[in-house]
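Worth knowing before you read on, the calculation uses all heavy atoms, side chains too, and leaves out hydrogens, waters and symmetry mates. Only a predicted model underlies this, so the values are computations on that prediction, with no experimental measurement involved.
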Amino acid sequence: MKSILIVILFSAVMSAQQNPLKTVKFVDLKKYVGLWYEYAKIPNSFQDQCVKGTTAKYILMEDGEIKVINSCIDEDGEIDDADGLARIVDKKSNAKLEVSFFSIFGWRPIWGDYWIIGLDENYQWAIVGTPSRKYGWVLSRTPTLDDMTKDKIFSILKEQGYNTKNFEISKQ
């Protein structure tokens with residue numbers, strides 16, 4: 001029993017020691033909006049139906065929120081869209097957002113973290129993560145990335161405490 005408690009305590013201390021996720025210093029939302037291709041992701045249940053062609057389109061609205069349209073092709077060859085909303089949590093950097101794809105009569109009770117933790121200086125690729133590191137996405141303005149860019153992105157993910165083996169390359 002004592003050894004079980006020691007293992008539990010050790011695990012708790014180790015997970016608490018993981019460095020906090022760091023966002024990029026600043027995101028110019030006018031440059032960030034537009035169409036992004038999902039290059040890679042940590043598989044998750046809310047994208048189980050997607051077999052290829054996953055994209056995210058962001059539209060900056062007048063009130064500062066961002067309309068989100070996620071799209072993919074399912075196993076029947078049909079387009080599956082999910083409309084959502086993103087709001088800025090950290091207005092100083094614009095790098096910490098929350099997204100919601102669930103609405104009841106215009107009220108959105110469920111929001112998920114969307115932190116931009118890597119971003120190309122020309123906004124050609126982005127890395128999105130969550131503080132828990134349970135979710136992660138690599139987005140690109142093009143369906144493919146060259147090897148040098150992939151290496152840089154996966155190096156950033158590793159530096160940020162992600163297990164890069166958890167990511168799978170998305171089919172476009």
Visitor: Mind checking the NZ-CD spacing from K22 to E159? Nearest 0.5 Å is all I need.
Guide: 9.0 Å
Visitor: Side chain to side chain contact (heavy atoms under 4.5 Å, CB included) with K171: which residues, sequence neighbours excluded?
Guide: K52
Visitor: Just verifying a value: how many Å separate I127 CD1 and Q160 CD, rounded to the nearest 0.5 Å?
Guide: 7.5 Å
Visitor: Taking it one step at a time, do Y135 and V128 satisfy side chain to side chain contact (heavy atoms under 4.5 Å, CB included)?
Guide: CA-CA 8 Å; Y135 302 106; V128 176; over 6 Å; no
Visitor: Residues two or more places apart in sequence or in another chain: which of them pass side chain to side chain donor-acceptor pair (under 3.5 Å) with N122?
Guide: none
Visitor: Tell me, please, which residues at least two apart from E65 pass side chain to side chain donor-acceptor pair (under 3.5 Å).
Guide: none
Visitor: Quick one: pull up CD1 in I117 and OG1 in T130 and give me the separation to the nearest 0.5 Å.
Guide: 8.5 Å
Visitor: Would you find more than 12 non-hydrogen atoms of other residues, nucleotides or ligands less than 6.0 Å from K57 atom NZ?
Guide: no
Visitor: Do I156 and Y162 come close enough that some side-chain heavy atom pair is under 4.5 Å?
Guide: no
Visitor: When hydrophobic residues are tied together by side-chain contacts of less than 4.5 Å, even through go-betweens, does L157 share a cluster with W137?
Guide: no
Visitor: Using the test side chain to side chain contact (heavy atoms under 4.5 Å, CB included), find all partners of K158 that sit at least two apart in sequence or belong to another chain.
Guide: T164
Visitor: Working to the nearest 0.5 Å, report the span between CG of N70 and CG of D81.
Guide: 9.0 Å
Visitor: Can you give the donor-acceptor pairs under 3.5 Å from side chains of residues 102-110 to other protein atoms, not counting sequence neighbours?
Guide:
from : atom 1 : to   : atom 2 : distance (Å)
S103 : OG     : G106 : N      : 3.3
R108 : NH1    : S100 : O      : 3.1

Visitor: Listing request: all salt bridge (Lys or Arg N to Asp or Glu O under 4.0 Å) pairs with a residue in residues 89-100, at least two apart in sequence or in separate chains.
Guide: R87-E98
Visitor: Would a single hydrophobic cluster contain both L145 and I116, if residues Ile, Leu, Val, Met, Phe, Trp and Tyr are joined by side-chain heavy-atom contacts under 4.5 Å?
Guide: no
Visitor: Can you name the side chain to side chain donor-acceptor pair (under 3.5 Å) partners of D83, sequence neighbours left out?
Guide: none
Visitor: Just list the side-chain donor-acceptor pairs under 3.5 Å for residues 32-44, sequence neighbours left out, or say none.
Guide:
from : atom 1 : to   : atom 2 : distance (Å)
Y32  : OH     : Y114 : OH     : 2.6
W36  : NE1    : Y32  : O      : 2.8
E38  : OE1    : S170 : OG     : 2.6
E38  : OE2    : Q47  : NE2    : 2.9
K41  : NZ     : E168 : OE2    : 3.4
N44  : OD1    : F46  : N      : 3.3
N44  : OD1    : Q47  : N      : 3.0
N44  : ND2    : I42  : O      : 3.3
N44  : ND2    : Q47  : OE1    : 2.8

Visitor: Say you draw a straight line from OG of S140 to CD1 of I153; how long is it, rounded to the nearest 0.5 Å?
Guide: 7.0 Å
Visitor: Hey, does V68 have a side-chain heavy atom less than 4.5 Å from the side chain of F101?
Guide: yes
Visitor: Answer with yes or no whether the hydrophobic clustering places I59 together with I88; edges join I, L, V, M, F, W, Y residues whose side-chain heavy atoms lie under 4.5 Å apart.
Guide: no
Visitor: Report yes or no: do V138 and V24 belong to one cluster of Ile/Leu/Val/Met/Phe/Trp/Tyr joined by side chain heavy-atom distances under 4.5 Å?
Guide: no
Visitor: Classify the side-chain pair T142/T144 by whether it contains a donor and acceptor separated by less than 3.5 Å.
Guide: no
Visitor: Sequence neighbours left out, what passes side chain to side chain contact (heavy atoms under 4.5 Å, CB included) with D80? Give chain and number order.
Guide: Q49, C72
Visitor: For D63, what residues pass the salt bridge (Lys or Arg N to Asp or Glu O under 4.0 Å) criterion, not counting sequence neighbours?
Guide: none
Visitor: Taking side chain to side chain contact (heavy atoms under 4.5 Å, CB included) as the test, write out the residues that go with E75, two or more places apart.
Guide: V51
Visitor: Is there a path from L97 to L139 through hydrophobic residues (I, L, V, M, F, W, Y) whose side chains come within less than 4.5 Å of each other?
Guide: yes
Visitor: For residues Q172 and T54, report the shortest heavy-atom separation together with the two atoms involved.
Guide: NE2-O, 3.1 Å
Visitor: To the nearest 0.5 Å, how far apart are CG in N163 and CZ in R133?
Guide: 11.5 Å
Visitor: Output all residues satisfying side chain to side chain donor-acceptor pair (under 3.5 Å) with D28, sequence neighbours left out; order by chain, then residue number.
Guide: none
